Q: 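Here it is, the structure, as structure tokens.
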Amino acid sequence: MKITIFGATGNVGTRVINEALLRGHEITAVLRSNSRMSEFNPAVNLVIGNADNVEDVVKWSHGQDIVISATRPPQGEENKLVDTAKSLLSGLAQTKVRLLLVGGSASLTVPNSNSTLVVDDTDLVPTAWRDIALACLAQHKLCQENESVDWSYLSPPAVIIPGDRTGCFRTGTDELLVDEQGVSIISLEDFAIALLDEAESAKNSKKRFTVAY
Ligand SMILES: NC(=O)c1ccc[n+]([C@@H]2O[C@H](COP(=O)([O-])OP(=O)(O)OC[C@H]3O[C@@H](n4cnc5c(N)ncnc54)[C@H](OP(=O)(O)O)[C@@H]3O)[C@@H](O)[C@H]2O)c1
């Protein structure tokens, strides 16, 4: 598959590239500057662009099979995440390329809570994280309301950290997945497997899904 990645230098983006290369896909990584180009595998096609710029989204998605976006705005500018989602949806409505968006867990429901959203659970989302969680909520709503793009939205569990590539994890829909100890976690490496599985299968077209151990 021909895959364009926004957020390619990030925690999630770098693992997505590793996983996509392992599977033999053709990767175009969109970087905001050329300062980190030397870190990439030579097999990756490196281009300059910004997910907030609709013209860049159109340019770098044209002729591709899917765009995977895993961008994160700077602290204090959390609401930019919503502008980025608008730009991606607007550009991809023009090129008719699928969007696989790495979102947040904010809009999932807390298990056994009478449908409390993660964003409203102060144990899961302390005050310091509330702004990014609210931005993720708005980002998810934009996707739900969009009828022009073939989107899919992956909500991470509460925690994604570097770890092993096991391929063993559970998949859910709208509820935060927690293990027997109540922990909601996955490695970045397994999270990338979930993203590439979705890119290849398109199982969750126009849907949100989530993964965790
Ligand atoms: N539990 C949760 O809900 C949870 C947990 C973890 C992560 N997440 C979400 O997962 C996403 C990715 O997280 P991460 O940890 O991988 O982030 P990260 O390591 O901070 O990486 C962010 C990436 O986004 C890029 N970027 C930012 N704005 C961009 C733009 N406008 N256009 C193109 N690239 C842009 C950065 O590029 P530069 O190199 O140019 O800065 C960087 O590559 C975030 O949306 C985050 O909210 C959610």
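Counting starts at 1 for both ligands and their atoms, following the listed order. This is a predicted model, so every value here is computed, not measured.
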Q: Would one find an N or O of P73, backbone or side chain, under 3.5 Å from an N or O of ligand 1?
A: no

Q: Give a yes or no on whether I5 and Y153 share a hydrophobic cluster (residues Ile, Leu, Val, Met, Phe, Trp, Tyr; joining criterion: side-chain heavy atoms under 4.5 Å apart).
A: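 No, I5 and Y153 fall in different hydrophobic clusters.
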
Q: For atom 2 (C) of ligand 1, what's the nearest protein heavy-atom neighbour? Residue, atom name and distance, please.
A: S105 OG, 3.7 Å

Q: Between T166 and D190, is a side-chain hydrogen bond (donor to acceptor under 3.5 Å, both in side chains) present by the stated rule, with each step listed?
A: CA-CA 6 Å; T166 71; D190 280 337; 2.6 Å; yes

Q: When hydrophobic residues are tied together by side-chain contacts of less than 4.5 Å, even through go-betweens, does L176 share a cluster with L117?
A: no

Q: Could you list which atoms of ligand 1 come closer than 4.0 Å to a heavy atom of T9?
A: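 The list of qualifying atoms is 36 (C), 37 (O), 38 (P), 39 (O), 42 (C), 43 (O).
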
Q: One residue to check: A158. Relative to ligand 1, which of side chain, backbone, both or neither has a non-hydrogen atom less than 4.0 Å away?
A: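 Near ligand 1, A158 shows its backbone, while the atoms from C-beta on stay back.
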
Q: Considering only the protein, which heavy-atom contact is closest to atom 34 (N) of ligand 1, and what is its distance?
A: T71 CG2, 3.6 Å

Q: Between P156 and ligand 1, which residue portion shows a heavy-atom distance shorter than 4.0 Å: side chain, backbone, both, or neither?
A: side chain

Q: For atom 8 (N) of ligand 1, state which one of G104, A85, G103 supplies the nearest heavy atom.
A: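 Shortest heavy-atom distance from atom 8 (N) of ligand 1: G103.
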
Q: Sub-3.5 Å donor-acceptor pair from the side chain of S187 to the main-chain atoms of G163, do we have one?
A: no

Q: Do the side chains of K207 and D174 get close enough for a salt bridge, i.e. N-O under 4.0 angstrom?
A: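 Salt bridge flag = no for D174 with K207.
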
Q: Is the closest N or O pair between L81 and ligand 1 shorter than 3.5 Å?
A: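 No; the residue has no nitrogen or oxygen that sits under 3.5 Å from a nitrogen or oxygen of the ligand.
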
Q: P157 to ligand 1: N or O pair under 3.5 Å?
A: yes

Q: Are the charged groups of K141 and E145 less than 4.0 angstrom apart, N to O?
A: yes

Q: Can you tell me if CD on E55 sees more than 12 non-hydrogen neighbours from other groups inside 6.0 Å?
A: no

Q: For atom 21 (O) of ligand 1, which candidate among C136, P74, G10, A29 holds the nearest heavy atom?
A: G10

Q: Which option wins on minimum heavy-atom distance to atom 17 (O) of ligand 1: R72, R36, K80?
A: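 When every heavy atom of R72, R36, K80 is considered, R72 comes closest to atom 17 (O) of ligand 1.
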
Q: Quick one: nearest non-hydrogen protein atom to atom 16 (O) of ligand 1, plus distance?
A: V12 N, 2.8 Å

Q: Above 12 or not: heavy atoms from other molecules or residues under 6.0 Å from NZ of K206?
A: yes

Q: Could you check atom 10 (O) of ligand 1 against the protein and tell me its nearest heavy-atom contact, residue, atom and distance included?
A: V102 CG1, 3.5 Å

Q: If you measure every N/O of T84 against every N/O of ligand 1, is any gap under 3.5 Å?
A: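 N/O-N/O distance below 3.5 Å does not exist for this pair.
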
Q: Do any nitrogen or oxygen atoms of G13 come within less than 3.5 Å of a nitrogen or oxygen of ligand 1?
A: no

Q: When you measure from the side chain of Q144 to the backbone N and O of L142, does any donor-acceptor pair fall under 3.5 Å?
A: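 No, because the side chain of Q144 does not come within donor-acceptor range (under 3.5 Å) of the backbone of L142.
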
Q: Determine yes or no for a side-chain-to-main-chain donor-acceptor pair under 3.5 angstrom, with E198 supplying the side chain and N204 the backbone.
A: yes

Q: So which of I160, N50, I48 gets nearest to atom 30 (C) of ligand 1, if we judge by its closest heavy atom?
A: N50

